[in-house]
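Everything numeric in this text was worked out from a predicted model, so none of it was measured.
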Amino acid sequence: MNIVAVIVGGYIAFSLELGLRNALAIGSGGAAPSFVFVLCMILAIGSPANLVLWTCLIFGLITDLTWPHEIKGGAASVTLVGPYALGYMIAGQFVLLLRSQIIKRNPFSLAFLCLFGFAVAQIMVVFIYTARSGYTSVIVWEPTHQLISRMVSALYTGVLGLLVGLVAGPISAALGLHQPAQRRHARPIY
């Protein structure tokens, strides 16, 4: 894995997510795709296992720091470090478990991992925020509404994963990820 390329890719993914989130949001819950999570899944498919978990943890931590929640009354916002970091790391472990069972060059594989991996991560995020709001009611939190909105976001991220999966070969090559060897008479997909 090329660390410099991953940092540049992460910068681009966070820029797209922060810049386009409101423009791509659908519904009253603001469900939007996660460009950062799609990058995490591309890295999780082709990177060594220990780097996958660290990369998912770091990208989740940065996601925690970039998405504050408003306090009741709307006067200020609070940043809680941990929910996305743990959620992304658990999703990374989920991909590590499924990695040997998927066809790595198929765009539907990336879409599947983005859909279900993001759903796993968001369930963890909702669980942590719900547990926290149970003993302190500082943030505005509606668990059922949040879970439904985040599952729609998981579907949306799966569709984004399918679109990115069509060009994932050049992206993973630029990131310096391991490419499986071609068979002698096999035609490359990309």
When the aromatic ring centroids of Y88 and F59 are compared, is their separation below 6.0 Å?
->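 No; F59 has its ring centre 6.0 Å or more from that of Y88.
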Please round to the nearest 0.5 Å and tell me the distance separating atom [atom1] of [X] and atom [atom2] of [Y].
X	Y	atom1	atom2	result
F14	I62	CZ	CD1	4.5 Å
L98	F112	CG	CZ	6.0 Å
T66	R21	OG1	CZ	9.0 Å
L57	M89	CG	CE	5.5 Å
I148	E142	CD1	CD	9.5 Å

Following the transitive rule for hydrophobic clusters with a side-chain heavy-atom cut-off under 4.5 Å over Ile, Leu, Val, Met, Phe, Trp and Tyr, establish whether [X] and [Y] coincide in one cluster.
X	Y	answer
F37	L20	yes
I171	I12	yes
L16	V8	yes
L162	L110	no
I26	L155	yes

Has [X] got a side-chain atom pairing as donor or acceptor with [Y]'s backbone, closer than 3.5 angstrom?
X	Y	answer
T157	S34	yes
R99	A44	yes
S153	P33	no
S149	H145	no
E17	V36	yes

Please check if atom CG in N50 has more than 12 non-hydrogen atoms from other residues, nucleotides or ligands closer than 6.0 Å.
->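 Count over threshold, so yes.
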Would you please test L113 and I45 for side-chain contact (heavy atoms from CB on, under 4.5 Å) and show each step?
-> CA-CA 9 Å; L113 293 176; I45 290 173; 3.7 Å; yes
Heavy-atom side-chain proximity of [X] to [Y] below 4.5 angstrom:
X	Y	answer
Y129	V125	yes
L61	Y84	no
L43	V52	no
W67	T63	yes
P83	D64	yes
F35	L24	yes
L96	L53	yes
V164	I42	yes

Closest heavy-atom contact between [X] and [Y]?
X	Y	value
G158	A111	O-CB, 3.4 Å
C56	G92	SG-CA, 3.9 Å
M1	L51	CE-CB, 3.4 Å
I103	S109	O-OG, 2.7 Å
A121	A91	CB-CB, 4.1 Å

Give the intermediate values and the outcome of ring pair (Phe, Tyr, Trp, His ring centres under 6.0 Å) for residues F94 and F116.
-> CA-CA 9 Å; F94 172 74; F116 288 104; 7.3 Å; no
Would you please test I123 and F118 for side-chain contact (heavy atoms from CB on, under 4.5 Å) and show each step?
-> CA-CA 8 Å; I123 288 170; F118 199 64; over 6 Å; no
